[in-house]
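Just the heavy atoms: all of them, side chains too, but no hydrogens, waters or symmetry mates, feed the values below.
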Amino acid sequence: MPPGRPHPLRRDHPRSRTRSRPHHPQECVIAVNNKDIKTRERDAGDLGRSLDLLPAVRAAGAACPVSASGIDSPTTAAGLLDAGFGGLLVGTSLLRTGSPEAWVDTMAGARKGLALR
């Protein structure tokens with residue numbers, strides 16, 4: 001990607017996956033929302049959505065598939081990264097922890113694959 005060019009974040013609800021595709025997915029971060037936007041994302045989230053859609057997001061050529069929302073623990077986050085996601089959008093779980101650094105360390109320690117420290 002050329003320097004200075006913004007990385008587009010396309011935030012689609014999982015059920016809208018057939019509506020459109022980015023023209024240059026290799027230049028995109030594609031996030032799969034695990035929560036129902038129709039309920040203002042107040043549900044617990046369905047991480048199966050991310051896992052089910054990961055092959056399609058990868059097949060589209062996305063530079064960085066992201067699992068977004070509903071990630072409730074460091075071990076859940078580690079599992080999503082090990083499944084092949086390049087990034088995560090974690091909010092509430094990090095905000096409610098006493099130590100975000102410890103949360104991230106726990107996630108890294110729970111990785112079955114290569115953990116970054």
Side-chain angles (χ1 to χ4, degrees):
M1 173 165 288
R5 187 166 176 193
H7 292 272
L9 176 63
R10 182 181 181 88
R11 191 169 179 199
D12 282 342
H13 190 274
R15 288 184 219 134
S16 67
R17 64 181 169 219
T18 59
R19 288 189 200 155
S20 65
R21 287 190 168 169
H23 295 288
H24 303 285
Q26 68 279 5
E27 297 176 359
C28 293
V29 171
I30 299 180
V32 179
N33 190 347
N34 298 310
K35 292 192 175 188
D36 187 347
I37 60 174
K38 291 180 183 176
T39 63
R40 299 180 73 190
E41 300 182 358
R42 300 207 186 276
D43 58 318
D46 177 5
L47 298 177
R49 290 177 179 170
S50 280
L51 295 170
D52 289 347
L53 288 172
L54 180 58
V57 172
R58 285 208 166 286
C64 184
V66 173
S67 180
S69 297
I71 301 166
D72 60 358
S73 72
T75 54
T76 299
L80 290 165
L81 291 171
D82 286 339
F85 284 95
L88 306 172
L89 179 67
V90 182
T92 304
S93 183
L94 278 172
L95 291 173
R96 290 185 177 162
T97 186
S99 170
E101 184 177 311
W103 194 101
V104 171
D105 286 345
T106 300
M107 176 193 67
R111 299 279 315 269
K112 291 181 177 31
L114 176 64
L116 299 175
R117 293 190 184 257

Using the side chain to side chain contact (heavy atoms under 4.5 Å, CB included) definition, which of the options I71, N34, N33, L88 pairs with S50?
N34
From CG (D46) to OG (S69), nearest 0.5 Å:
12.5 Å
Any residue meeting side-chain hydrogen bond (donor to acceptor under 3.5 Å, both in side chains) with T76, in chain and number order, not counting sequence neighbours
D72, S73
Do C64 and V29 come within less than 4.5 Å of each other through their side chains, counting heavy atoms only?
yes
4.5 Å side-chain heavy-atom contact, T75 and M107
no
Can you tell whether the side chains of K112 and D82 come within less than 4.0 Å, N to carboxylate O?
no
Over all atoms of both residues, closest heavy-atom pair of S67 and L80:
OG-CD1, 3.6 Å
The complete set of side chain to side chain donor-acceptor pair (under 3.5 Å) pairs with one or both residues in residues 83-97, sequence neighbours excluded, reads S93-W103
Return all side-chain donor-acceptor pairs below 3.5 angstrom for residues 54-62, not counting sequence neighbours, or 'none' if the list is empty.
| from | atom 1 | to | atom 2 | distance (Å) |
| --- | --- | --- | --- | --- |
| R58 | NH2 | G84 | O | 2.4 |

